[in-house]
Amino acid sequence: MPDGVNMAEAVQAPSTGQRIFGWLKDHMDLMFRIARTLVPILVVRFQGRTWALVTRYDDVEEVLTRPNVFDVTYAPKIAAIMDGDNIFLGMKDEERFTRDKTNMRMTAPRGEAVARVAPETARLTAEVLDRARPAGRVDLAMELTQDVTTRLFGAYFGIPGRSVKAFSDEARGLFGFMFADLFNDPARRTAVEPLAASMRAQVEATIAARKLARGQHDDILERCLQFQDLGLPGFSDREIRNNMIGLIVGALPQPPMVIPQLFDVLLDRPRELAEAQAAALGDDDALVARYVFEASRFYPLTPGLFRNCVTPYRVAAGTWRAKTIPAGAFVMAATRSAMFDGRKLPDARAFRIDRPADAYMHFGHGMHECFGVYMNRVMIPEICKAVLKLPKLRRAAGPAGKLRLDDEFDLFAMNLTVEFG
Ligand code: HEM
């Protein structure tokens, strides 16, 4: 974060909306359960705006697969970060969305998740765990996952950042502004402006430097420049900068949230932990992945994804629970609730590793499904596998062994220390 900017101090005391939201957050699963049964689609007026909460799996899916009815909410925040521009995360189903997402996919082919991301993750994870071995303890959030994924993606993207700590802190600050500032706090926006300017300058400088050193790297930035050479639309310097910032903000902050959170679940389930450890020791990657993503269901990244309803739409039409969501409503498609909907997932409250892939919405659903989804499916289990292999894995004694979230957003996992050996 640039000097002189203290986001925590700059941000005001919580508003009523934030306090209500905080209470709902603490009682989330119970509220979702009641809502799924009694009012699966809840539409209320609050503070002059209509709010809708969609809780059943089928209805969440219906919302997330209609991007031109339920539009993403991110464009104004993206404009603040990108100096007025948008990236595909902030777009409807339109020509530029398809062009830009396809462009970026060409620079990061799906096959590289297994061929490149997985082995590099294993190598970087081993480095951190080797360092931690003499002490017999490691923090799964910043010390392990943040370090591994910042170096992994820094190299893969071609934007290494100033240091692991500076780069990941900057990405986290921008991510918090984009995804956790639901009430558009003006003080937070003021605080984030220098941070966004610094990120833009950093990426622009890297692009400029790399133009003087062409052909020496094989990474996403080099591929963007190759497509620019070919004159492909969507690869101007500015568009490359914007998409690279989009990747940085999407990729860096989330694995260090998801991995400690899912270990917070596994460490409290001795039977499932032992089974997952056996799968890891047997190098059964597919089985490890099943344990990991099932554990994550009990403490996923987010309660849901937010959308603006742009035209009146009747969700679950023809059923008793059907509701018309009016234009202008702010809608939460509660993916966390959907993943506990017993109508879709048999025995939904049980920890089961035989669930089909579509039981999970960890990486979104529909048109805006995570760009990094293929990487996540191998990178997250790879890091977890190495941790699960540690002998006598357990929570560290005292507060270090409890998951600690950040003070500002109460969202980012900052520490969960485990001991081993
Ligand atoms: C634990 C890791 C991750 C999680 C849990 C995660 C989660 C998500 C979710 C839920 C969405 C959908 C947002 C919405 O529909 O409103 C999304 C979109 C996105 N993610 Fe990820 N993500 C992760 C890692 C990554 C990585 C590694 C990258 C980059 C390589 C990335 C880049 C993006 C981008 C660019 C989008 C926008 C996609 C679009 O609009 O079409 N994410 N992510």
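Note that ligands are numbered from 1 as they come in the structure, with each ligand's atoms numbered from 1 the same way.
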Checking [X] against [Y]: charged group under 6.0 Å from the ring centre and within 45 degrees of the axis?
X      : Y      : value
Arg297 : Phe351 : no
Lys101 : Phe371 : no
Arg137 : Phe420 : no

*asked:* What does the 4.0 Å heavy-atom contact list look like for ligand 1?
replied: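 Near ligand 1, by chain and number: Tyr74, Phe88, Leu89, Phe97, Lys101, Phe153, Phe157, Gly250, Ala251, Gln254, Pro255, Val258, Leu301, Leu305, Arg307, His362, Phe363, Gly364, Met367, His368, Glu369, Cys370, Phe371, Gly372, Met375, Asn376, Ile380.
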What residues, two or more places apart in sequence or in another chain, satisfy salt bridge (charged side-chain N to carboxylate O under 4.0 Å, His left out) together with [X]?
X      : answer
Glu143 : none
Asp284 : none
Lys389 : Asp283

